[in-house]
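Inspection log for the structure reproduced underneath, given as C-alpha cells.
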Amino acid sequence: MTSPLIRGRPRRAASHISVRVAHALVGGIAGVVWLVLPWMTINHDVPVPNTRATPSAASVASAAAADRDETSATDLVLPLVAVAVVGALAGYGYVRHARRTRGRTRTSTSPGGAAAPAVAAAGPLAEDDERARAALVEADDCVRTSREELGFAEAQCGADAVEPFALAVRDAGAELAAAFRIRQQYDDGVPEDETSRRHALAGVVGRCREAGRRLDAEAPAFDLLRAPARGGPDTALEPAETRFRELTGRTAAAAATLADATGRHGPAATAAVTGHVEQAKDRLVFATVRFNQARQRGDMGDRAGAALHLRAAEGATAQAAVLVTCVERLAADLTAAADLVPAALTGAEAELAAARTSDSALPSGELHALAARADLVLAAVRDEMTAGPYDPLDALRKITEALAPVATGRAGALPAGALLAARGAVALADGFVAAHRGALGSTARTRLAEAQRLLTTDPPDPQAAATLAREALALAERDVRMYGNPIAGAAEHASGAAGAVVGGILLGGGPDGGPPASFGGPRTRAGRAGPPGRRAS
C-alpha cells in the first residue's frame with residue numbers, strides 16, 4: 001500500500017477509450033456492409049442473346065453494358081472512401097483523447113495546487129528518482145536559508161512584524177519533513193512495486209513544491225519588510241554588525257575550548273569538529289568584506305546593491321555561528337558524558353545481573369551470549385577510562401548498544417546516556433549540513449531528517465537516531481570532498497567566497513560566487529541564481 005504521507009499524486013482521469021473504439025467498430029462495420037452489398041446484388045447469370053436483335057439494338061445493349069460497368073465502379077469506390085473516412089475519424093478521436101489524458105496527467109496538482117509530475121510517465125524509474133532527489137536538495141536549501149534570514153529580520157523589525165513569514169517557514173518545514181519521511185521509506189524499500197514507488201517519488205516532489213510555493217508566496221512581502229528604505233541603510237546593518245562582533249569574540253573563545261576538550265578527551269573525541277573554528281573564521285572574513293561593500297553601496301545611494309551585500313554578510317555570520325556552536329556544544333556534551341559514564345557502567349552491571357536472574361523472553365542460550373558480550377564491552381570501557389584520555393560520548397554509545405538487547409529499563413543512567421549521545425550526534429550532523437549545504441546531495445539530508453524525527457517520537461529511539469546521524473555526517477563529509485573547489489583563484493579564497501559557495505550563502509554561477517541566497521522558494525531563487533552546480537545524490 002502507498003503511504004498516506006504521499007501527496008501530490010496525479011489523479012487518474014476517467015477513460016473514454018472504450019466508447020470511441022465502439023464508434024470506430026460501428027463505422028467500420030457499416031463501411032464493410034456497403035462494400036460487400038454490391039457483390040451481393042449483382043446478377044451472375046449468363047444472359048441469353050436475343051437472336052432477333054437488330055444492329056441498332058446491339059448498339060443499345062453495348063451502351064447499357066458500359067453504363068453498368070460505370071455504376072459498378074462507382075458502387076465500389078464510394079464504400080472504400082467511407083471506410084477510409086470512418087477510420088480517419090476514429091484515429092483522430094483516439095489521438096486527441098490520448099493527448100488530453102497526458103495533458104491532464106502532467107497538470108494534476110499536489111497539495112495547495114502545486115503541479116506534480118506524472119507518475120505513469122514513460123521513462124525509467126531512475127529519472128523520477130533523480131527529480132525527487134533534486135527537489136529535496138532545493139527545498140531543504142530554501143527552508144534553511146529562509147529560516148536564517150528570518151532571524152535577522154526579527155532582530156531588525158521585531159517578532160510581530162515577521163510572524164506571517166515565520167508561519168510560512170513553519171509550514172514549509174512541515175512539508176519538507178513529510179517529503180524526507182517518504183524518501184526515507186523509499187530508501188528502505190517501502191513500497192516495493194514499481195507503480196507505488198513512482199507514486200512515492202511523485203509525493204516527494206509534490207511536498208517539496210508545496211514547501212517552495214509557500215515560501216515564494218511570502219517572498220515579495222518579506223523583501224519589502226527588509227528593504228533598506230525602511231529607516232535607512234543603517235537600520236539593518238547595525239544589528240547585523242552587532243551580532244558579527246559578538247560572534248568574533250565567541251570564535252576566539254571556541255578555539256581555546258576545542259583545544260582544552262582535545263587535551264582532556266583525546267583527538268578522536270573532537271574529530272567531528274576539527275576545522276570548524278578555521279571555517280568560522282573564513283566565514284567571518286567573507287562577512288567583513290561584504291559588510292564594507294554594503295556600507296559603500298549605501299553611501300552611494302545604491303540601496304539594492306547594499307541589500308545584496310548585507311544578505312551575503314548575514315548568511316556568513318549565521319554559518320559562522322553554527323560552526324562555533326557545534327564546537328561549544330560538543331565540548332559541553334563531552335563534559336556531561338564524562339560525568340555520566342560511571343553511573344552508566346554501574347547501571348549496566350545491575351541490568352545484566354537482573355537479566356540473568358529474571359524470566360526473559362529470550363532463549364537461555366541467546367541471553368547468555370548477549371550478556372557475555374555486554375560484559376566484554378563494559379570491561380573494555382573501564383580499561384579505556386583507566387588508560388585515558390578517552391571519548392566519553394563513544395563510551396556511552398558502546399554501553400547503551402551492548403545493553404539494549406537485555407536491558408529492562410531499571411537503570412535511569414542508561415536512557416539518559418543514550419539520549420545525550422543521540423542528541424549530540426544529531427546536532428553535529430545538522431551543523432555540518434547547515435554550513436556545507438551548497439555541496440551536499442539529498443541522501444545525507446534524508447538520513448539527518450529521519451534521525452531528527454526519531455528523537456521526537458513517543459517514545460524516542462535514541463540508538464537508531466544516533467546511528468542515522470553518524471551516517472548523515474559521514475555522507476555529508478564525503479559530498480564535500482567530492483564537490484571540490486567551487487571557485488578558482490587565490491583572491492576568491494582569501495575573501496572567503498569559495499567557502500560561501502560551499503556553504504550555500506552564494507548561489508554560484510559567477511567568478512565571484514554569484515548572488516546571495518535569500519528568503520523564498522525555488523521560483524525566487526531561480527530569479528537570482530546562476531547554475532547550481534551541485535549533486536543530487
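Annotation: the span from Asp129 atom CG to Glu127 atom CD amounts to 10.5 Å, rounded to 0.5 Å. Here the straight-line distance linking atom CD of Glu314 with atom CG of Leu237 works out to 8.0 Å at 0.5 Å rounding. Separation of atoms CG (Leu340) and CG (Leu345) is listed at 9.5 Å; rounding is to 0.5 Å. Here the CD-OG1 distance, from Glu149 to Thr145, works out to 8.5 Å after rounding to the nearest 0.5 Å. Here the CZ-CG distance, from Arg470 to Leu448, works out to 13.5 Å after rounding to the nearest 0.5 Å. Put simply, OH on Tyr186 and CZ on Arg133 are 8.0 Å apart, with the number rounded to the nearest 0.5 Å.
Thr524 places none of its side-chain heavy atoms less than 4.5 Å from the side chain of Leu215. The shortest distance between side-chain heavy atoms of Thr335 and Arg264 falls below 4.5 Å. Looking at Gln184 and Arg447, their side chains come closer than 4.5 Å, going by heavy atoms from C-beta outward. Counting only heavy atoms from C-beta outward, the side chains of Cys142 and Arg525 approach each other to under 4.5 Å. Arg283 places none of its side-chain heavy atoms less than 4.5 Å from the side chain of Val324. Side-chain contact check for Arg290 versus Leu506: some heavy-atom pair is nearer than 4.5 Å. Contact check for Glu349 versus Leu378: side-chain heavy atoms found under the 4.5 Å cut-off.
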Thr270 vs His276, side-chain contact (heavy atoms from CB on, under 4.5 Å): CA-CA, chis, key distance, verdict: CA-CA 10 Å; Thr270 58; His276 276 38; over 6 Å; no

Salt bridge (Lys or Arg N to Asp or Glu O under 4.0 Å) between Asp223 and Arg311, worked out: CA-CA 11 Å; Asp223 289 342; Arg311 172 60 199 125; over 6 Å; no

Steps toward side-chain contact (heavy atoms from CB on, under 4.5 Å) verdict (Gln463, Thr400): CA-CA 8 Å; Gln463 291 181 15; Thr400 54; 4.2 Å; yes

Step-by-step salt bridge (Lys or Arg N to Asp or Glu O under 4.0 Å) determination, Glu210 to Arg213: CA-CA 5 Å; Glu210 176 60 14; Arg213 185 202 64 78; 2.8 Å; yes

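For the residue pair Gly513 and Val501, the shortest heavy atom distance occurs at CA-CG2, 3.8 Å. Heavy atoms only, all atoms of each residue included: Arg214 and Ala172 are closest at CG-N, 4.5 Å. Of all heavy-atom pairs between Pro486 and Val502, the closest is CG-CG2, 3.8 Å. Shown here for Asp282 and Gly496, the closest heavy-atom pair between the two residues is OD1-CA, 3.6 Å. Closest non-hydrogen pair, Pro462 versus Ala418, comes out as CB-O, 3.6 Å. Minimum interatomic distance between Ala374 and Leu403 (heavy atoms only, all atoms of both residues): CB-CD2, 4.1 Å.
Salt bridge status for Glu450 with Arg453: present, with a side-chain N to carboxylate O gap under 4.0 Å. For the pair Asp128 and Arg197, the salt-bridge criterion is not met [side-chain N within less than 4.0 Å of a carboxylate O]. Taking a cutoff of 4.0 Å between a charged side-chain nitrogen and a carboxylate oxygen, Arg373 and Glu401 do not qualify as a salt bridge. The pair Glu163-Arg170 counts as a salt bridge, with a side-chain nitrogen and a carboxylate oxygen less than 4.0 angstrom apart. Ion pairing of Arg250 with Glu246 is absent here, as no side-chain N (NZ or NE/NH1/NH2) approaches a carboxylate O to less than 4.0 Å.
Qualifying salt bridge (charged side-chain N to carboxylate O under 4.0 Å, His left out) partners for Arg423, counting only residues two or more places apart in sequence or in other chains: none.
A donor atom on one side chain and an acceptor atom on the other are not found under 3.5 Å apart for Gln296 and His309.
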Report all side-chain donor-acceptor pairs from residues 385-392 shorter than 3.5 Å, counting only partners two or more places apart or in another chain.
| unit_1 | atom_1 | unit_2 | atom_2 | d |
| --- | --- | --- | --- | --- |
| Thr386 | OG1 | Arg382 | O | 3.0 |
| Asp391 | OD1 | Leu393 | N | 3.1 |
| Asp391 | OD1 | Asp394 | N | 3.3 |

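Side chain of Asn292 to backbone of Thr288: a donor-acceptor contact under 3.5 angstrom is found. Not a single donor-acceptor pair under 3.5 Å links the side chain of His265 to the backbone N or O of Ala261. Side-chain atoms of Thr457 come within 3.5 Å of backbone N or O of Leu454 as a donor-acceptor pair. Judged by distance alone, the side chain of Asp479 and the main-chain N or O of Gly441 form a donor-acceptor pair under 3.5 Å. Checked by atom type and distance alone, the side chain of Gln319 pairs as donor or acceptor with a backbone atom of Gly503 at under 3.5 Å.
Applying the salt bridge (Lys or Arg N to Asp or Glu O under 4.0 Å) rule to pairs touching residues 317-327 yields nothing, sequence neighbours excluded.
Aromatic ring orientation, Phe519 versus Phe222: parallel (interplanar angle below 30°, classes split at 30° and 60°).
The side-chain contact (heavy atoms from CB on, under 4.5 Å) test with Pro516 singles out one residue from Leu308, Leu310, Leu507, and that residue is Leu308.
Shown here is Asp383, whose CG atom has more than 12 heavy atoms of other residues, nucleotides or ligands within 6.0 Å.
Because its NZ or CZ atom is not both nearer than 6.0 Å to the ring centre of Phe180 and within 45° of the ring axis, Arg445 does not count as a cation-pi partner of that residue.
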